[in-house]
Each structure stands twice: as C-alpha cells, then as structure tokens.
S.K.: 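Shown below is the structure under consideration.
Remember, it's 1-based here, ligands and their atoms both numbered in the order they're listed. Quick note: residue numbers are just sequence positions, from 1.
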Amino acid sequence: MKVTLLGTGTSQGVPVIGCTCKVCRSVDYRDKRLRVSVHLQVVDKSIIIDSGPDFREQVLRERIKSLDALVFTHEHKDHTAGLDDIRAFNFMQQRDMPLYGEERVLNQLKQEFGYIFSGINYPGIPQVQLHPITNEPFEVEGVLFTPIQVMHYRLPVFGYRIGDFSYVTDANYISEEEKEKIRGSRVIVLDALRIEKHISHFSLQEAVELLEELQPERAYLTHISHLMGLHREVEQQLPEFIRLGYDGLQIEL
Ligand SMILES: [Zn+2]
Ligand SMILES: [Zn+2]
Ligand SMILES: [Zn+2]
C-alpha cells in the first residue's frame with residue numbers, strides 16, 4: 001500500500017489568508033498546508049479519504065489518474081467542499097463515483113450539493129453512488145476499512161484503519177475501546193492542531209502522549225494550524241518516531 005498525504009492543514013489551510021506570521025511567511029514547502037486528505041493506492045485500487053476545498057489541486061499535484069472511491073470522515077466543509085471535482089473521474093471512467101460515509105454525513109452532502117441529488121440529471125453534474133456505513137468494518141472495492149469512532153468535541157466522527165495504517169484527523173478524544181482498533185498499526189496519522197489546547201482537536205502534547213501509548217513504528221501529525229510553529233522547529237522537539245506530516249509525503253507499507 002502506498003499512502004500519500006494530500007493535505008495536512010487545518011480548515012483554513014496554511015498560509016492563512018491575510019496572515020503575516022512567520023509560519024505563513026515561511027518559504028519552507030513543508031509550511032504550506034492544504035486541507036487534510038489522503039490518497040491510498042492499494043494494489044490497483046485508488047481511494048481518497050475526504051474531498052476538501054483543495055481536492056482538485058491535490059489530485060493534479062499528485063497526478064492521480066484514476067479514483068475508485070471516496071470515503072468521508074465527517075461532514076465538515078474542509079473535508080467535503082471539493083466534491084464537485086469528481087466530475088473529471090466520471091468523464092474519464094464512465095461510471096458513478098462510490099461515496100462512503102455515515103448516514104448523517106451523506107445527508108449533509110445531499111443538502112450542500114443539492115444539484116447532484118435533485119433527480120434532474122443535468123448533463124455534466126457529478127454522478128455518485130451512496131454507500132452508508134456504520135461503525136462496522138466495510139469493504140471499498142475489495143479493500144477492508146475499519147472505522148474508528150472518535151470524538152471531535154461533541155461530534156462522533158470516523159477515522160479509519162486500513163491494514164497496518166490508521167488515519168485519524170479530527171479528534172480530541174478516543175475511547176479505550178476504539179483505541180484497541182488502532183493498536184498494532186505500524187503507521188498512524190493523527191491530528192495535532194497546535195501547541196495550545198483546543199476544543200475539538202488534539203494539541204501537540206496530547207497527540208504525542210497518545211502516540212507514545214499506542215506505539216506505532218512511525219507516526220505523522222496532520223490537521224496542523226499556523227499556530228503550531230515552523231515545521232523545522234517543531235519537529236526537532238518530537239520523539240524520533242513522530243514526525244510532522246507535510247503535503248506530498250509518501251508512506252510505503
Ligand atoms: Zn499565520
Ligand atoms: Zn472537523
Ligand atoms: Zn477538519
């Protein structure tokens with residue numbers, strides 16, 4: 001399996017519009033963070049988790065030429081806003097795009113992208129096929145996904161485990177039961193928003209503590225805000241097995 005971090009930034013992205021802090025002015029490419037998303041290439045299957053507002057740019061940058069399915073973690077706009085751009089894959093592949101998500105998430109997509117679901121098949125609109133999921137393992141084109149239900153303040157959202165890889169982007173609490181699903185992963189991608197505590201995301205210290213408990217071989221932090229600091233400086237303070245993610249990072253496992 002090859003994992004590519006398509007975006008590692010929080011909802012506003014980094015740099016933040018109008019901000020002149022040292023992170024937003026940094027010339028280090030690792031300080032430029034599009035909204036979170038990840039691409040999984042599992043044998044011949046190409047799957048993306050979340051289609052945020054930067055979906056088009058991310059797919060172009062990584063030269064992703066086919067897409068078999070989109071899986072959603074939750075309905076927040078930074079994870080869904082780019083859905084319209086799956087049209088390119090509809091044209092190329094001549095098939096509906098399977099979308100996987102909880103019923104609540106799919107219902108929100110129906111509201112926000114009403115034209116896709118209106119029943120009026122206007123030529124050129126995205127063609128989708130909805131697959132509601134629950135907190136039970138499910139298959140996407142033969143690839144097994146195990147949902148990990150995490151708390152994003154009061155909203156239960158999903159992270160996913162696929163083989164030895166676990167991906168959790170919007171959480172500030174994970175129950176012992178759900179942690180069990182992550183345990184044994186060789187690679188974990190986990191959210192760490194900034195140094196200070198936050199209402200719906202892990203802080204840097206909270207993420208580090210959780211990863212030390214879960215003990216993967218390697219871990220990468222994601223959903224990072226400009227308030228985290230410079231990539232180069234923050235990384236120096238981390239245990240060796242934990243790195244900050246950055247856009248375009250590829251992980252083979
Ligand atoms: Zn800034
Ligand atoms: Zn969110
Ligand atoms: Zn988010």
S.K.: With the Zn ion (ligand 1) at the apex, how many degrees lie between SG of C24 and SG of C21, rounded to 10 degrees?
M.R.: 110°
S.K.: For the atom pair CG (N172) and CG (L193), what is the distance rounded to the nearest 0.5 Å?
M.R.: 10.5 Å
S.K.: Is it true that E57 and R35 have a side-chain N and a carboxylate O under 4.0 angstrom from each other?
M.R.: no
S.K.: What I want to find out is whether R186 reaches E217 closely enough, with some N-O distance under 4.0 Å, to be called a salt bridge.
M.R.: yes
S.K.: Among all residues two or more places apart in sequence or in another chain, which pass the side chain to side chain contact (heavy atoms under 4.5 Å, CB included) test with P98?
M.R.: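 With neighbours one apart ignored, the set is A69, R95, Y100, Q129, H131, E141.
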S.K.: Rounded to the nearest 0.5 Å, what separates atom CD1 in I188 from atom CG in L214?
M.R.: 4.5 Å
S.K.: Would you name the N/O/S atom of H226 that lies closest to the Zn ion (ligand 1)?
M.R.: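 This turns out to be ND1.
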S.K.: Show every donor-acceptor pair shorter than 3.5 Å between a side-chain atom in residues 232-242 and any protein atom, with sequence neighbours excluded, or say none if there are none.
M.R.:
residue	atom	partner	partner atom	Å
E235	OE2	H231	NE2	3.3
E235	OE2	L244	N	3.2
Q237	NE2	E233	O	3.4

S.K.: Kindly write out the residues that satisfy ring pair (Phe, Tyr, Trp, His ring centres under 6.0 Å) with F145, not counting sequence neighbours, or none if the list is empty.
M.R.: F138, Y160
S.K.: Which protein N, O or S atoms does the Zn ion (ligand 3) have within a distance shorter than 2.8 Å?
M.R.: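 Under 2.8 Å from the Zn ion (ligand 3) - ignoring waters, which are not counted - the protein N, O or S atoms are D78 OD2, H79 NE2, D170 OD2, H223 NE2.
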